[in-house]
Amino acid sequence: MASKKLVLIDGNSIAYRAFFALPLLNNDKGVHTNAIYGFTMILMRILEEEQPTHMLVAFDAGKTTFRHKTYSEYKGGRQKTPPELSEQFPFIHELLDVYKIPRYQLENYEADDIIGTLSKHAEKDGFDVKIISGDKDLTQLASEHVTISITKKGITEVDSYTPEFVKEKYGLTPDQIIDMKGLMGDSSDNIPGVQGIGEKTAIKLLKEYGTVENVLESLDQLKGKLKERLETHRDDAIMSKELATINRDTPITISLDDILYSGYNPQEVLPVFRELGFKTLIDKFDTGSETDEPEEIEDLPFTAAEEITDEMLVDDSIFVVEVWNENYHRSDIAGFAIINENGRFYLPYGLAMDSDPFRKWAEDEHMRKTVFDAKRSIVAMKWKGIELAGVDFDVLLASYILDASQTVEDVAGIAKMKGITGAKTDESVYSKGAKRKLPEDEILADHLVRKGEALSKLSKILEKELRENDQYELYHDLEMPLAIILGKMEAIGVKVDVNKLKEMGADLGQQLQALENKIHGLAGESFNINSPKQLGVILFEKLGLPPVKKTKTGYSTSADVLEKLADRHEIVEQILLYRQLGKLQSTYIEGLLKVVHEDTHKVHTRFNQALTQTGRLSSTDPNLQNIPIRLEEGRKIREAFVPSKEGWVIFAADYSQIELRVLAHIAQDKNLMEAFRNDMDVHTKTAMDVFHVEMDEVTSNMRRQAKAVNFGIVYGISDYGLSQSLGITRKEAAEFISRYLESFDGVKEYMDDIVRDAKQKGYVSTLLQRRRYLPEITSRNFNLRSFAERTAMNTPIQGSAADIIKKAMIDMARELEEQELQSNLLLQVHDELIFEAPPEEIEILKKLVPQVMEHAVELDVPLKVDYAYGDSWYDAK
DNA sequence: TATGTCCCCC
DNA sequence: CCTGTTGGGGACATAA
């Protein structure tokens, strides 16, 4: 027979712990939830780990207890329970109820006493007892069968107090804990103890005499101040011991039979989680329990259109455009679904595309449509000859704005987060990888209609959340219009000089062949230079070079390692060169040629607008945001990016030091603002301040180091990161940073404030109200916490810069349209915009682009934009 | 197909 | 005392 296990939880104490350990999070109803959340986390862990057969959560009742009769000042001077915590107790009670965990409180007694009494009964009946609390007082109950788990600083770590543990920690038995309290008192409960006796003295006395009473009877063996103190406070000691003693014979009205625990039903718990907005816990639940049996999906009636009718084509509809390929450029479309006040409809692709009314409706901007991934839908339709308009709400973008950390694959992914059932994942319907295929028409139709149904519910929920977070403007006035602009940029594409690329490729191929021969010759055998494993064997075993660094799979052969070995063997330099050219060949020549469209010689990148945690864009297939520039050999790749029309130019404009300007503004740092107002070289200025020298004394090395520090500030790197980039010790790097912060005290203040703010609110914000949640900022794990702290400092800077250039793109697109210019915006690379322009518009752009970009927002420092243009991207420098 | 290593950009 | 590396995309090798 399985043994009986009783878990007793000190409800008040755990709620307090959770409250103070976690940031003061709000849910979407404005209720603070941190204590509820922490409490639930602890509860879930206990249920998992202990598998109790019996369970009870005890709470304190009322303000006065029997202890107040003994000592009216008991628990006096205590801070009142913060209202932010009090308001959470009803929810904790509700949660316990749905978990079917009994809770109990008893007039005149504290939770401790209830726990003491029940554990006594249970012990007698042969139970194993586990007590959970944040209060060390309970450790007096430890025995062979009673273990007390005390939460440490956070909520995840606990100390388990067994009699052995108590012995080890204090050198006392558990029942001597109350004697210890009697002597030393307890400031948190306002138990006086004997004045002048602390933990050390108390333990010493008890090791010698055993109990408070024995100590007091043996006073004549003591002397001096100690004896004097014990004599004067004799009564205090006795009373304090009494106060600290848990009453194990309270008149409880429940028995062990009443607190049998037979588990809970996740279906009853989930709605409460949803109500509270516990996304992560919902996920844990859905995947972590056996309730994952395919939920009973209700039938969803819809009409599979055999002809397109007017009732399908009305204002305010959900519009599902099922773009088949991941890369939506020139992709097939599997079909459409429309949901509106008239019903749910599946529209087969061919039927819809042959319908004029459908085309008209799709292109009518007054026919408002809610979609998932507006840009994807618009661009895919554009390739099919339809200019989709009237896109009014994008569930993907809204979800990204609300929380970028939730990676979203499809409609079902978002639906699940928000507790909406009925939608199926794309993967479950289509399979993935090589097996991915279109299902039969009925299944496809059902899938698309279900997506639409989920979108309909989601759009309402997400819009409400955006407004509550004060993020609706960001969504509606920034990201949504930007999606349209990005779609145009992608569809226009960038012209590539294919022949130029091929020439460069042939040339590189020859150089690589020669290098390969040379390297193999130097190594004395032929091997795959691209294989770190094989290369490691050659360098560190055959040639006997010293391995500088290891990776988890073997020797590191990274560039910084090789650079250290460069003067020890001729082969190293050749390998570095081989790597550099090999990268250009495979990624930029061959990689680019693969994605150039044969007929137009254009590449059509996709900007991912809903991916990065900072608000930046990213770019794929091809990635046009990482085309080489630093080294001349690589930079030449840019010669292959040319205007799409004869005689036009590439016009590139970039913000100068936008992140540091944003930092100056956000931090309101006088020194940094002054530097930018005077248009100083900010790295030189930093060097002057960090090294305490005059402008003409700044050496190029000082400027280089100052630049690295600025880089570190902007990108949120650690002292370790800075030490790596400068090749100095971590200590020296830390010294640089602290000298920087002394000179820029506004920045220092900002850094301190933003971390504190993030801990309190759980997130940081950018200029335009973009958010990044940082739950790990309160982690006890140094790495996680440090990373979150640096993120808190960095994201408002990088994210605000991203906000600004996005705004500039919208303003710029409007200007191009209003002035009826032919120039096209082609690319955005984080702090620069790249256009193609007819020669007659160059003079206009030279004025217009900097004007628009510099005034996208008004900061307390000027924004500065540089520009250049030429026959290719290379020449726009 | 997934993971690790390396390297390009801002 | 130590811990450990901004945000991305992509190519290639290798193990599974």
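Labels below follow one simple rule: chain letters A, B, ... track the order of the sequence lines, proteins then strands, and each chain is numbered from 1.
Looking at heavy-atom distances under 4.0 Å, A:F711 makes no contact with the nucleic acid at all. Residue contacts for A:G433: at a heavy-atom cut-off of 4.0 Å it reaches the sugar-phosphate backbone alone, with no base atom in range. A:I627 comes within 4.0 angstrom of the backbone, heavy atoms only, and of no base. Looking at heavy-atom distances under 4.0 Å, A:T795 makes no contact with the nucleic acid at all. At the heavy-atom level, A:S619 lies under 4.0 Å from the strands shown only through sugar-phosphate atoms. Contact annotation for A:L611: backbone-only contact, meaning every heavy-atom pair under 4.0 Å involves sugar-phosphate atoms and none involves a base.
Distance from the side chain of A:S531 is smallest for C:dA13 among the nucleotides C:dT6, C:dA13, C:dG8. Across C:dT6, C:dG4, B:dC7, the shortest atom-to-atom separation from the side chain of A:D719 is found for C:dG4. Of the listed nucleotides (B:dT1, C:dA11, C:dG7), B:dT1 has the atom at the smallest distance from the side chain of A:A434. Here B:dC9 is the nucleotide among C:dT6, B:dC9, C:dG7 with the atom lying nearest to any side-chain atom of A:P628. The listed nucleotides are C:dT6, C:dG9, B:dC10; the one nearest the side chain of A:Q798 is C:dT6. Distances from the side chain of A:P532 to the nucleotides C:dG9, C:dC12, B:dC6 place B:dC6 closest. Looking at the side chain of A:R638, the nearest of the listed nucleotides B:dC10, C:dG4, C:dG7 is B:dC10. Comparing C:dC12, B:dA2, B:dC7 by their closest approach to the side chain of A:K432 singles out B:dA2. Listed candidates were B:dG4, B:dC6, C:dC12. Nearest to the side chain of A:S586 is C:dC12. Side-chain proximity of A:E590 to the nucleotides C:dC12, B:dC10, C:dG9 is greatest for C:dC12.
Applying the 4.0 Å criterion to OP1 and OP2 of C:dA13, one finds that A:N528 has a side-chain N or O inside that range. Under 4.0 angstrom from either OP1 or OP2 of C:dT6 there lies no side-chain N or O belonging to A:T791. Applying the 4.0 Å criterion to OP1 and OP2 of B:dT5, one finds that A:T553 has a side-chain N or O inside that range. Considering only side-chain N and O atoms, A:T587 lies nowhere under 4.0 angstrom from the phosphate OP1 or OP2 of C:dG10. For A:T557 and B:dC6, the shortest distance from a side-chain N or O to OP1 or OP2 is below 4.0 Å. At the phosphate of C:dG9, neither OP1 nor OP2 sits under 4.0 Å from any side-chain N or O atom of A:T620.
Taking 4.0 Å as the cut-off between side-chain N and carboxylate O, A:D803 and A:K807 do not count as a salt-bridged pair. Salt bridge annotation for A:E735-A:K731: absent, with no cationic side-chain nitrogen under 4.0 angstrom from a carboxylate oxygen. Looking at A:K375 and A:E490, a side-chain N of the basic residue comes within less than 4.0 Å of a carboxylate O on the acidic one, giving a salt bridge. Ionic pairing of A:K432 and A:E326 is not present here: no N-O contact between side-chain nitrogen and carboxylate oxygen is shorter than 4.0 angstrom. A salt bridge links A:R616 with A:E659: at least one charged nitrogen is closer than 4.0 Å to a carboxylate oxygen.
In this model, a donor atom of one side chain and an acceptor atom of the other lie less than 3.5 Å apart for A:T684 and A:D681.
What separates CG of A:N530 from P of B:dG4 is a distance of 20 Å, to the nearest Å. Rounded to an integer number of Å, the gap from CG of A:N781 to P of C:dC2 is 18 Å. Rounded to whole Å, atom C1' of C:dG4 lies 5 Å from atom CG of A:N783. The nearest whole Å value for the distance from the CG atom in A:L593 to the P atom in C:dG10 is 16 Å. Rounded to whole Å, the distance from CD1 on A:I575 to P on B:dC7 is 11 Å. Distance, A:E427 CD to B:dT1 P: 12 Å, rounded to whole Å. Atom pair A:Y578:OH and B:dC6:P shows a separation of 16 Å (rounding to whole Å applied). The distance between atom CZ of A:F607 and atom P of C:dG9, rounded to the nearest whole Å, is 12 Å.
In this structure a side-chain-to-backbone donor-acceptor pair under 3.5 Å is present from A:D669 to A:G746.
Atom CD of A:E541 is surrounded by more than 12 heavy atoms from other residues, nucleotides or ligands within 6.0 Å.
A gap of 15 Å separates the C1' atoms of B:dT5 and C:dT5, to the nearest Å. To the nearest whole angstrom, the two P atoms, one in B:dC9 and one in C:dG4, are 29 Å apart.
Considering A:Q534, A:K533, A:R579 in turn, A:R579 is the only one that fulfils the side-chain hydrogen bond (donor to acceptor under 3.5 Å, both in side chains) rule with A:T557.
In this structure, A:Q613 and A:K549 both approach DNA chain C, and ranking their closest nucleotides by distance from the 5' end singles out A:K549.
A:P546 and A:F540 get closest at one heavy-atom pair: O-CE2, 3.7 Å. Heavy atoms only, all atoms of each residue included: A:A733 and A:L722 are closest at O-CD2, 3.8 Å.
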Listing, residues 581-596 of chain A side-chain donor-acceptor contacts under 3.5 Å, not counting sequence neighbours, or none:
{"unit_1": "A:Q585", "atom_1": "NE2", "unit_2": "A:G505", "atom_2": "O", "d": "3.1"}
{"unit_1": "A:S586", "atom_1": "OG", "unit_2": "A:G582", "atom_2": "O", "d": "3.1"}
{"unit_1": "A:T587", "atom_1": "OG1", "unit_2": "A:K583", "atom_2": "O", "d": "3.4"}
{"unit_1": "A:Y588", "atom_1": "OH", "unit_2": "A:N626", "atom_2": "O", "d": "2.6"}
{"unit_1": "A:Y588", "atom_1": "OH", "unit_2": "A:N626", "atom_2": "ND2", "d": "3.4"}

- Message: For A:S779 and A:N781: C-alpha separation, side-chain torsions, deciding distance, then whether side chain to side chain donor-acceptor pair (under 3.5 Å) applies.
- Response: CA-CA 5 Å; A:S779 169; A:N781 178 319; 5.2 Å; no
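Donor-acceptor pairing under 3.5 Å, judged by distance alone, is absent between the side chain of A:K583 and the base of B:dC8. Interface remark: the A:R630 side chain does not form any donor-acceptor pair with the B:dC9 base, using a distance-only criterion of under 3.5 Å.
Contacts between residues 720-738 of chain A and DNA chain C, defined by a heavy-atom separation below 4.0 Å, involve A:Y720, A:R730, listed by number. DNA chain C lies under 4.0 Å from at least one heavy atom of each of the following residues of residues 533-540 of chain A: A:K533, A:Q534.
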